Amino acid sequence: MEELEGYVENIVFRNEENGYTVLHLSHPEWDDEICCVGCFSYVAEGQYLVVRGERVFHKEYGEQIKMVSYEEKQPEDSMAIEKYLGSGAIKGIGPALAARIVRKFKEDTFRIFEEEPERLAEVKGISIKLAIQAANQFNEKREMRQAMIFLQDYGISMNLAVKIYRQYGQEMYEVLRTNPYKLAEDISGVGFKIADEIARQAGFYQDSDFRIQAGIIYCLQQSTAQGHCYLPQRELVDVTAQLLGLDPALVDCHVDELCMNKQIICREIGDQRCLYYGRLYYMEMNCARMLLDLNLDFPVKEKELEKKVKSIEREEKIELDEMQKTAVFQAVQNGVMVIMGGPGTGKTTTINTIVRIFEEEGMDILLAAPTGRAAKRMSETTGYEAQTIHRLLEMNGAADGDDRSGMHFERNELQPLEADVVIIDEMSMVDIYLMHALLKALVPGTRLIMVGDANQLPSVGPGNVLKDIIQSGFCDVVRLEKVFRQAAESDIILNAHRINRGEPVEFRKESRDFFCLERSQPQDIINVVIQLIVQKLPPYVNASPYDIQVLAPMRKGELGVLKLNELLQMYLNPSMPDKIEKEFHGVLFREKDKVMQIKNNYQMKWQKINAFGDTYEEGEGVFNGDSGVIRTISTLTETVTVEFEEGKMAEYDFSDMEELELAYAITIHKSQGSEYPAVILPLLSGPKMLFNRNLLYTAVTRAKKCVTIVGSRQMVDQMIRNINEKKRYSSLCQRIQELEASDAEMLS
DNA sequence: TTGACAGG
């Protein structure tokens, strides 16, 4: 970590929504300006800053400081004061006036501004009016600094303090005194917890109305982190009461008041009162409306279409089965449709044919997926450029961490996507936010084709978008069920289907691709895993140990990814005198290690190099979930070279290493969208929320040739019985059905 | 207890 101080010479880029800023810092003693990057809540050119951060090397923009924290500082010597005043920090005062002011008042300048502003007019060229105005500005900044210090006493970070001050200004003190919980409402980044702590310090009662209401809203917001779009009243009241340490009855009577103030929304589903955080209610509602509006009929001549499909089949040397043909026909005829299918059911072939048909009509087609990797795979399998939905919609300004406040999409109802067809793959990963954003950017007349496997892991964000759409029955859904892969009669596929149906898996003695080795102690499980990956499986599936993937449900714990990686590294890639190592954030990376990129990086350059050392292909972009092997580590150039699939070599600066993780073992979540010859699955125990049917299904279907579960059979059965996404409260399905019914009524 | 997305 470095610390440097200097003037903000110029602001190269600034996103006002979230503060993401690129700026140049200068100092009289430096030869060159230094570029700093980060989320600066408030900056202006001419400010004097103390910046702490890491020195990194950006491939395009060179050396820069990645800001970790910063503060504004008042300059002290007269040179610095003059520079500060003259920098434009105070309106009406330029370099010339600043010089004159400082020549007169020297080190006393700042005191004059604060205490005797009228004396500024003694300087030639400064009127009384300008003097007062300048002093006011100056003092505003001082007040801000005081406010910062005040807030920091409550344990509030600098960044939050700036946000709070920007929101309320001097009224901040009043807000803090009367209702600190307002902070949680008005300021993203201040949650109930921080507000509650401030309130406690300010002497608020445990059962104050403000506290209870803020608590209810907070719990509703928090429930979205569990994937809910709403909570039944009973459940909401119970969790809130628990959080606040109060009696449920006391909480319950506040719910109605919040509904009346429209702070939360209440709707009945069946005989159950459901409470929504407003934004989510409107999102579901709008999604339903937009989906229905999008679902136009496009009449076609079936004979001609059939002919076209035939000729594509001939050209591509493929043969579509009945369901695939149905999918193609529906795609052409409907504004909205869903294609569902597990791995190996021919989704790719179907998408390809659909793309070809539309292409021959000269239509504009856009392909996208919710993750970078899925998009990349879509590009590879279709031969058309696919991108993340976020990029498609030109996302802007998502801040780090959980703060989604600044995030928005440039493509929306005002500037919709210009396309005839939009095809989205891996729809199961799309949450209600993303769906809403996508739909807003589509106009009726554009076809929306959604492809996915509803049995995979649910989306990160709230909602059961794909399942709700399918269940609502408003559009055509084609289910591809026939398994084309050669392993059609394999136990992997059979068991995957059993898992889906909720039946116990069969471990047949004579099975050739689906095994369970029962062990009850973590250490035994680890030993078996190592034995499998080092000795037994490679010859069995005819692959190298690096092709075999260990998948674990969790990161932490005795059987977590972190621990497993440490051990597997020891056995698969032990330390050797000639292997260079580099520690980063407590993890040791070594040459020949199997690693994975954990963040989309569109700038990362890669090249393919032939046996003579010549580059024969190059490009950009490494995606979240891509795995590779460390080829070289250079302590001299401070770089790590990683070889990804197809010999793509990418060079990481040491400071980019936060984008890499060891990948002998990865979480099942991370494996979604990838396939491996063999999968080893250590399963023993863990939280019920996580150990569910989807997770097991996702893990099992990653394997092409062989699945080996090591651990508890009982846990396997438990997971199959544990359908927890049923517990995701969402109502997109109901909203669609309601609107569809009322549309029909209007027409009749 | 796990997770994605981007900007000069």
Side-chain angles (χ1 to χ4, degrees), chain A residues 10-24 35-40 56 58-62 64 66-67 224-227 368-376 387-411 426-435 437-438 456-463 551-557 559-562 597-604 621 623-625 659 661 666-673 683 685-692 694-696 698-699 719 722 724-725 728:
Chain A
N10 69 313
I11 292 173
V12 181
F13 171 85
R14 178 156 172 86
N15 179 336
E16 278 300 338
E17 302 267 347
N18 65 354
Y20 176 82
T21 307
V22 181
L23 56 84
H24 288 157
C35 178
C36 300
V37 184
C39 288
F40 291 80
V56 298
H58 192 286
K59 292 263 150 38
E60 257 171 77
Y61 307 109
Q64 50 184 231
K66 240 188 206 171
M67 184 274 284
T224 63
Q226 260 78 255
T371 69
R373 233 185 108 69
K376 189 180 107 182
Q387 39 189 333
T388 61
I389 301 175
H390 303 78
R391 283 202 128 196
L392 181 77
L393 301 178
E394 296 168 34
M395 171 192 185
N396 231 326
D400 292 324
D402 284 340
D403 181 7
R404 312 171 60 96
S405 61
M407 186 165 112
H408 72 273
F409 295 96
E410 299 291 330
R411 291 292 183 165
E426 297 285 7
M427 260 306 288
S428 65
M429 295 200 251
V430 174
D431 61 29
I432 193 78
Y433 300 130
L434 195 55
M435 190 63 191
L438 174 66
Q456 289 207 31
L457 296 171
S459 57
V460 172
L551 297 180
M554 295 196 280
R555 291 176 61 78
K556 293 177 188 160
L559 293 173
V561 163
L562 301 177
Q597 169 82 14
I598 54 155
K599 210 181 147 187
N600 287 348
N601 184 334
Y602 297 95
Q603 283 82 41
M604 180 64 74
F623 298 95
N624 191 351
E659 297 185 4
E661 267 178 11
I666 64 174
T667 59
I668 298 172
H669 284 85
K670 274 261 180 270
S671 76
Q672 194 165 18
L683 288 178
S685 62
K688 196 145 188 246
M689 276 291 282
L690 185 65
F691 282 64
N692 60 31
N694 285 320
L695 194 77
L696 184 64
T698 305
M719 288 174 82
N722 180 6
N724 91 338
E725 93 261 26
R728 259 187 187 228

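Computed from a predicted structure; not experimentally measured.
- In this structure, the aromatic ring of A:Tyr61 is positioned over the six-membered ring of the base of B:dG8, centres within 5.5 Å and planes within 30°.
- Comparing B:dT1, B:dG3, B:dA6 by their closest approach to the side chain of A:Val460 singles out B:dG3.
- The CZ-C1' distance, from A:Arg411 to B:dG7, rounds to 17 Å in whole Å.
- The side chain of A:His669 sits closest to B:dG3 out of B:dG3, B:dT1, B:dC5.
- Among the nucleotides B:dA4, B:dG8, B:dT2, the one closest to any side-chain atom of A:Thr371 is B:dA4.
- Heavy atoms of A:Ala225 sit under 4.0 angstrom from at least one base atom.
- Comparing atom distances between the A:Tyr20 side chain and each of B:dG3, B:dT1, B:dG8 picks out B:dG8 as nearest.
- To the nearest angstrom, C1' of B:dA4 lies 14 Å from CD of A:Glu661.
- Residue contacts shown for A:Gln64 include a base, since a base heavy atom lies under 4.0 Å away.
- Residue A:Pro687 is the one, among A:Tyr602 and A:Pro687, whose nearest nucleotide of DNA chain B lies closer to the 5' end (criterion: closest heavy atom).
- Atom CZ of A:Arg728 and atom P of B:dT2 are 16 Å apart (whole Å).
- Nucleic acid contact class of A:Val22 (heavy atoms, under 4.0 Å, all strands): base.
- Distances were taken from every side-chain heavy atom of A:Val37 (C-beta onward) to each of B:dG8, B:dA4, B:dA6; the shortest belongs to B:dG8.
- Look at A:Lys670 and you'll find a side-chain N or O under 4.0 angstrom from OP1 or OP2 of B:dA4.
- Rounding to whole angstrom units, CG of residue A:Leu695 and C1' of B:dT1 are separated by 10 Å.
- Within 4.0 Å of A:Lys556, counting heavy atoms only, lie sugar-phosphate atoms of the nucleic acid but no base atom.
- With distances taken from any side-chain atom of A:Met689 to the nucleotides B:dT1, B:dG3, B:dG8, the minimum falls on B:dT1.
- Taking 4.5 Å as the limit, every side-chain heavy atom of A:Thr371 sits out of range of all side-chain heavy atoms of A:Glu426.
- Proximity note for A:Phe13 (side chain, C-beta onward) versus B:dA6, B:dG8, B:dT1: the nearest is B:dG8.
- Taking atom CD on A:Glu410 and atom P on B:dA6, their separation rounds to 14 Å, with Å as the unit.
- Between A:Leu434 and A:Phe409, the closest side-chain pair of non-hydrogen atoms falls below 4.5 Å.
- Side chain of A:Arg728 to backbone of A:Gly463: a donor-acceptor contact under 3.5 angstrom is found.
- Scanning both residues, A:Pro553 and A:Leu683, for their nearest heavy atoms gives CG-CD2, 3.6 Å.
- For A:Ile666 and B:dT1, the CD1 to P distance is 20 Å, given to the nearest whole Å.
- Comparing A:Gln226 and A:Arg391 by the nucleotide of DNA chain B whose heavy atom lies nearest to each, the residue mapping closer to the 5' end is A:Gln226.
- In plain terms, the two heavy atoms of A:Leu559 and A:Ala552 that are nearest each other are O-CB, 3.6 Å.
- Using a 4.0 Å cut-off, some side-chain N or O of A:Thr388 falls inside it from OP1 or OP2 of B:dA6.
- As judged by a 4.0 angstrom heavy-atom cut-off over every strand, A:Gly461 is placed among residues making no nucleic acid contact.
- The distance between the ring centers of A:Phe40 and A:Tyr20 does not fall below 6.0 angstrom.
- Between A:Leu690 and A:Leu695, the closest heavy-atom pair is O-CD2, 3.4 Å.
- Across B:dT2, B:dG8, B:dC5, the shortest atom-to-atom separation from the side chain of A:Thr667 is found for B:dT2.
- Side-chain nitrogen and oxygen atoms of A:Asn624 include at least one within less than 4.0 Å of the OP1 or OP2 phosphate oxygen of B:dC5.
- Between A:Asn601 atom CG and B:dG7 atom P the separation is 11 Å, expressed in whole Å.
- Rounded to an integer number of Å, the gap from CE of A:Met429 to P of B:dC5 is 9 Å.
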